[in-house]
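Please read the structure below before turning to the comments.
Chain A is the first sequence line, chain B the second, and so forth, proteins listed ahead of strands; every chain is numbered from 1. Everything numeric here is computed off the predicted structure, so don't read it as measured data.
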Amino acid sequence: GAVVSQHPSWVICKSGTSVKIECRSLDFQATTMFWYRQFPKQSLMLMATSNEGSKATYEQGVEKDKFLINHASLTLSTLTVTSAHPEDSSFYICSASGRGGLADTQYFGPGTRLTVL
Amino acid sequence: GQQVMQIPQYQHVQEGEDFTTYCNSSTTLSNIQWYKQRPGGHPVFLIQLVKSGEVKKQKRLTFQFGEAKKNSSLHITATQTTDVGTYFCAGRPLGNEKLTFGTGTRLTIIP
């Protein structure tokens with residue numbers, strides 16, 4: 001149980017284009033979803049936290065207009081990297097937590113590797 | 001802001017040797033979690049510790065939460081090649097829902 005999927009698993013795009021990444025909780029209702037960014041050989045950096053039906057809370061230094069987050073349902077959150085540039089190339093990972101016994105633990109998706117040319 | 005540091009950053013051990021990673025927070029934590037990330041993979045939840053001085057075991061892995069709830073450790077006995085990966089602690093400060101990940105310890109095993 002508590003499986004989280006991400007799509008796509010990897011994406012290559014041209015500079016200036018926008019990329020949408022989907023994060024889905026497959027077998028539980030994710031009341032809260034988190035988006036992280038991880039550079040090679042580094043720790044996870046929390047970008048934003050989103051609760052279903054409300055606006056995401058962004059961490060300091062993360063541009064809201066550049067990284068658009070939508071948490072439209074209890075099983076889906078999307079991260080859109082707008083006007084991507086090479087410095088946005090990274091590994092983006094989402095995680096989700098649910099209710100009750102799933103509230104304290106974050107279940108991670110497999111990640112999306114973004115390369116911006 | 002809150003910082004969570006882990007030492008060592010890297011550890012190379014001979015297969016069969018023991019391994020320990022230490023996690024230190026600048027603030028008191030309500031709980032601490034440990035995750036393992038295999039090379040090329042995503043973090044996988046291992047365990048959560050909540051009580052001061054708590055010790056939990058999972059087969060060859062022993063997790064401790066310090067008395068002051070500001071530090072934690074993960075000890076692996078008799079490492080195996082399957083233990084390869086980066087181990088992250090993640091702490092939740094008192095009164096704050098945000099989970100802050102530690103810097104991670106990358107473990108490599110020499111067969």
#### Entry: Contact list for residues 43-53 of chain A, test side chain to side chain donor-acceptor pair (under 3.5 Å), sequence neighbours left out
A:T32-A:N51, A:S50-A:H71
### Message
So does B:Q48 get a backbone contact from the side chain of B:K56, meaning a donor-acceptor N/O pair under 3.5 Å?
### Response
yes
#### Entry: Step-by-step side chain to side chain contact (heavy atoms under 4.5 Å, CB included) determination, A:V4 to A:S95
CA-CA 7 Å; A:V4 176; A:S95 70; over 6 Å; no
### residues 103-111 of chain B: residues contacting chain A (heavy atom under 4.5 Å, by number)
B:T103, B:R106
### Message
Within the 3.5 Å criterion, strictly below it, is a donor on B:T79 or B:E17 matched to an acceptor on the partner's side chain?
### Response
no
### Task
Answer with yes or no whether the side chains of A:T112 and A:Q6 bring together a donor and an acceptor at under 3.5 Å.
yes
### Query
Is it the side chain or the backbone of A:Q60 that comes within 4.5 Å of chain B heavy atoms, both, or neither?
neither
### Message
List the residues meeting side chain to side chain donor-acceptor pair (under 3.5 Å) with A:T80, not counting sequence neighbours, and say none if there are none.
### Response
none
#### Entry: Residue B:Q6 versus chain A: region with a heavy atom under 4.5 Å
neither
### Message
A side-chain contact here means heavy atoms from C-beta on lying under 4.5 Å apart; do A:L114 and A:F91 qualify?
### Response
no
### Task
Would you mind checking which part of A:L46 comes under 4.5 Å of any heavy atom in chain B, side chain (CB onward), backbone (N, CA, C, O), both or neither?
side chain
### Query
Can you check side-chain hydrogen bond (donor to acceptor under 3.5 Å, both in side chains) on B:Q3 and B:S26, steps first, answer last?
CA-CA 6 Å; B:Q3 291 186 336; B:S26 58; 5.5 Å; no
#### Entry: Full working for side chain to side chain contact (heavy atoms under 4.5 Å, CB included) between B:C23 and B:V4
CA-CA 7 Å; B:C23 176; B:V4 181; 3.5 Å; yes
#### Entry: Donor on one side chain, acceptor on other, A:Y36 and A:Q106, under 3.5 Å
yes
### Message
If I measure from the heavy atoms of chain A, does B:F101 come under 4.5 Å with its side chain, its backbone, both, or neither?
### Response
both
### Query
Is a side-chain donor-acceptor pair under 3.5 Å present for B:Y35 with B:Q37?
no
## Note on the structure
Residues of residues 68-77 of chain B with a heavy atom under 4.5 Å from any heavy atom of chain A, in residue-number order, are none
